[in-house]
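Notes for the one structure printed next.
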Amino acid sequence: MKLISTEISDVYLIEPQVFTDSRGFFFESYNQQKFTDELGITADFVQDNHSASQKNVLRGLHYQIIQPQGKLVRVVVGTIFDVAVDIRKSSPTFGQWIGYELSAENKRQLWIPAGFAHGFLVISQVAEVIYKTTDYYAPGGDRTILWNDPDLAIDWPIKEPPILSAKDTNGQPLKSAQIYE
Ligand SMILES: Cc1cn([C@H]2C[C@H](O)[C@@H](COP(=O)(O)OP(=O)(O)O[C@H]3O[C@@H](C)C(=O)[C@@H](O)[C@H]3O)O2)c(=O)[nH]c1=O
């Protein structure tokens, strides 16, 4: 597997080694020893999540104010534009965002450590997103930063108003959100 740096240190794209033959393909989507020894990413995951969304759904930008979660995100059906925003006040890249296309085809994964808000826009007709988290869901502790916060100015590849949950419609701008020191 290959580690690709992004514009924000600590956030990485990961490209797995894919084995193809006449039957199809195989790849290790996660291997703790290789993550630690080869990629230098030490993370203990405690939960796997799986969501399916239709085209133009935007989920995010989410984080947990308690039990902040690191996330290892990948797509098994379709294509998403996956975004991470640095919301660690003490970080030199505070308020910066990165966005990458993750797809069933490119098999790329995005490693987002705790301290970031995460969201994605579905580009394909349907997308199924699977992600591992380093801490458990903390209902009541989850927070949303507004997906189109003008201070973040995230360049979503969006052509029409996205489909949002009620929670995401009422996200906070970063400047007034409860965030990490
Ligand atoms: C996130 C989550 C939700 N749920 C429940 C709560 C709710 O009834 C239903 C749907 O929850 P949500 O609307 O919050 O799901 P969703 O909008 O997909 O939330 C997710 O968005 C992406 C971008 C993230 O980064 C994740 O951390 C998570 O916040 O699932 C769990 O049981 N466990 C979980 O870990």
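Note that ligands are numbered from 1 as they come in the structure, with each ligand's atoms numbered from 1 the same way. Here, residue 1 is the first one in the sequence, and each next residue gets the next number.
The nearest protein heavy atom to atom 30 (O) of ligand 1 is not closer than 4.0 Å. Per-atom contact check: atom 11 (O) of ligand 1 does not touch the protein, criterion being a heavy-atom distance below 4.0 Å. In this structure, atom 8 (O) of ligand 1 is not in close contact with the protein, since no protein heavy atom lies within 4.0 Å of it.
The distance criterion of under 3.5 Å between nitrogen or oxygen atoms is not met by Y131 with respect to ligand 1. At least one N or O atom of H118, backbone or side chain, sits closer than 3.5 Å to an N or O atom of ligand 1. An N or O contact shorter than 3.5 Å links K167 to ligand 1 by distance.
Residue K2 places its NZ atom among 12 or fewer non-hydrogen atoms of other residues, nucleotides or ligands, all under 6.0 Å distant.
A salt bridge does not link R59 with D82: every distance from a Lys NZ or Arg NE/NH1/NH2 to an Asp or Glu carboxylate oxygen is 4.0 Å or more. Ionic pairing of K107 and E15 is not present here: no N-O contact between side-chain nitrogen and carboxylate oxygen is shorter than 4.0 angstrom. Under a 4.0 Å N-O distance rule, the pair K175/D149 does not qualify as a salt bridge.
For atom 33 (N) of ligand 1, the closest non-hydrogen atom of the protein is Y137 CD2, 3.2 Å.
Side-chain atoms of R143 and Q172 form no donor-acceptor pair, as typed in the model, at a separation below 3.5 Å.
Below 4.0 Å from some heavy atom of K71 lie the following atoms of ligand 1, by number and element: 24 (C), 25 (O), 26 (C), 27 (O).
Side-chain atoms of N106 come within 3.5 Å of backbone N or O of S103 as a donor-acceptor pair.
Using a 4.0 Å cut-off between heavy atoms, Q47 contacts ligand 1 through its side chain alone, with no backbone atom that close. At a heavy-atom distance under 4.0 Å, only side-chain atoms of H62, from C-beta outward, approach ligand 1.
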- Message: ring pair (Phe, Tyr, Trp, His ring centres under 6.0 Å) for Y30 and F35? Distances and angles first, verdict last.
- Response: CA-CA 8 Å; Y30 177 67; F35 258 59; 4.8 Å; yes
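Closest to atom 18 (O) of ligand 1 by heavy atom, among R143, Q69, R59, is R59.
You'll find the side chain of D168 stays beyond 4.5 Å of the side chain of W147, heavy atoms only.
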